[in-house]
Amino acid sequence: MEMGRLPVRFVDEVMYVGKAVKGKGWFRAEPAMWGGLTVDNDSYGVLPRTLESSPVVQSTLLTGSKDVRLVGTETVDGARTTHYRGTVTLDGLRAARDEAPDAATRERRIEGLDQLMGLGVSDTLTMDLWVDGDDRAKQFRWQAGTGGEVLDLTVTFLDVDGPVTVEAPPAEDTADVMDVGQEGLLG
């Protein structure tokens, strides 16, 4: 299923996804719909928690890689960055989790592993990480198989610790995911 780019907003714990369904430009899902580790891939599962979590959690996924390499320098959203790429297996992530030097690092690695398992990621994940001059994650990209489909997720951090105002889409342009049904989401 090719979904392309989708805007996602979180407002008052409700996830809004900009995808035309049933004559509306957006659909909304309450937190109960986000699921957990046993949810199937088509219901978005832990994706909201993945997007909301700290970039530190995302970058710890590379600790399970045995082939992290420097790709080069690139400009991302106007910032000069250093680009790294590596592949990670679930077994490699489990080993990195078990070798964590302290409880906080171990917890971040457990959270990252849980997120991938909840998304139904098959054995191998390719991850790209762009780090800016302040040693902060500027962008990351995951690519992995998820039960016959491909998850290709890129997140770019436009600002750090700045004020943010996110507004819910207009109610008249929003369908509730419970009213849309699986067919409407995939169509």
Side-chain angles (χ1 to χ4, degrees), residues 1-10 15 17 34-161:
M1 171 178 69
E2 175 66 36
M3 295 194 77
R5 291 178 159 231
L6 294 175
V8 177
R9 297 180 187 175
F10 294 93
M15 177 178 67
V17 178
W34 298 357
L37 295 181
T38 59
V39 75
D40 65 34
N41 289 340
D42 295 329
S43 65
Y44 292 92
V46 297
L47 185 56
R49 286 197 314 266
T50 301
L51 295 174
E52 286 182 323
S53 68
S54 165
V56 173
V57 171
Q58 309 307 329
S59 62
T60 62
L61 295 175
L62 277 178
T63 61
S65 176
K66 301 297 183 203
D67 66 351
V68 175
R69 60 199 171 283
L70 174 66
V71 175
T73 57
E74 298 173 22
T75 301
V76 175
D77 190 44
R80 188 159 177 82
T81 65
T82 304
H83 180 184
Y84 300 93
R85 176 176 294 143
T87 56
V88 182
T89 64
L90 293 179
D91 287 341
L93 289 172
R94 287 182 189 98
R97 170 200 64 199
D98 295 340
E99 297 166 1
D102 56 58
T105 302
R106 179 177 169 81
E107 187 62 34
R108 285 192 302 271
R109 291 178 184 175
I110 288 170
E111 184 178 343
L113 180 59
D114 284 350
Q115 289 170 357
L116 291 174
M117 290 174 63
L119 288 169
V121 168
S122 60
D123 188 51
T124 303
L125 166 78
T126 300
M127 184 173 176
D128 291 88
L129 178 66
W130 291 262
V131 179
D132 69 15
D134 294 324
D135 290 329
R136 292 185 176 144
K138 181 66 179 165
Q139 181 171 276
F140 69 85
R141 180 180 185 191
W142 291 357
Q143 296 173 308
T146 57
E149 299 291 334
V150 175
L151 171 67
D152 190 341
L153 174 69
T154 301
V155 176
T156 304
F157 299 94
L158 303 176
D159 196 5
V160 177
D161 295 331

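Note: hydrogens, waters and symmetry copies are ignored here, and every other heavy atom, side chains too, is used.
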Nearest heavy-atom contact between L129 and F140 is CD1-CB, 4.0 Å
What verdict does the side chain to side chain contact (heavy atoms under 4.5 Å, CB included) test give for L70 and Y84, after you've listed the backbone C-alpha separation in whole Å, the side-chain angles of each residue and the deciding distance to 0.1 Å?
CA-CA 5 Å; L70 174 66; Y84 300 93; 4.0 Å; yes
When every non-hydrogen atom of F157 is compared with those of Q139, the smallest separation belongs to CD1-N, 4.2 Å
Euclidean distance, Q143 CD relative to L125 CG, rounded to 0.5 Å
9.0 Å
Give every residue pair that meets the salt bridge (Lys or Arg N to Asp or Glu O under 4.0 Å) criterion with at least one member in residues 68-84, sequence neighbours excluded.
D67-R69, D77-K138
Sequence neighbours excluded, the answer for side-chain hydrogen bond (donor to acceptor under 3.5 Å, both in side chains) partners of T126 is none
D134 side chain to R136 main-chain N or O, any donor-acceptor pair under 3.5 Å?
no
Exactly one candidate in T82, T81, T75 meets side chain to side chain contact (heavy atoms under 4.5 Å, CB included) with W130; the answer is T81
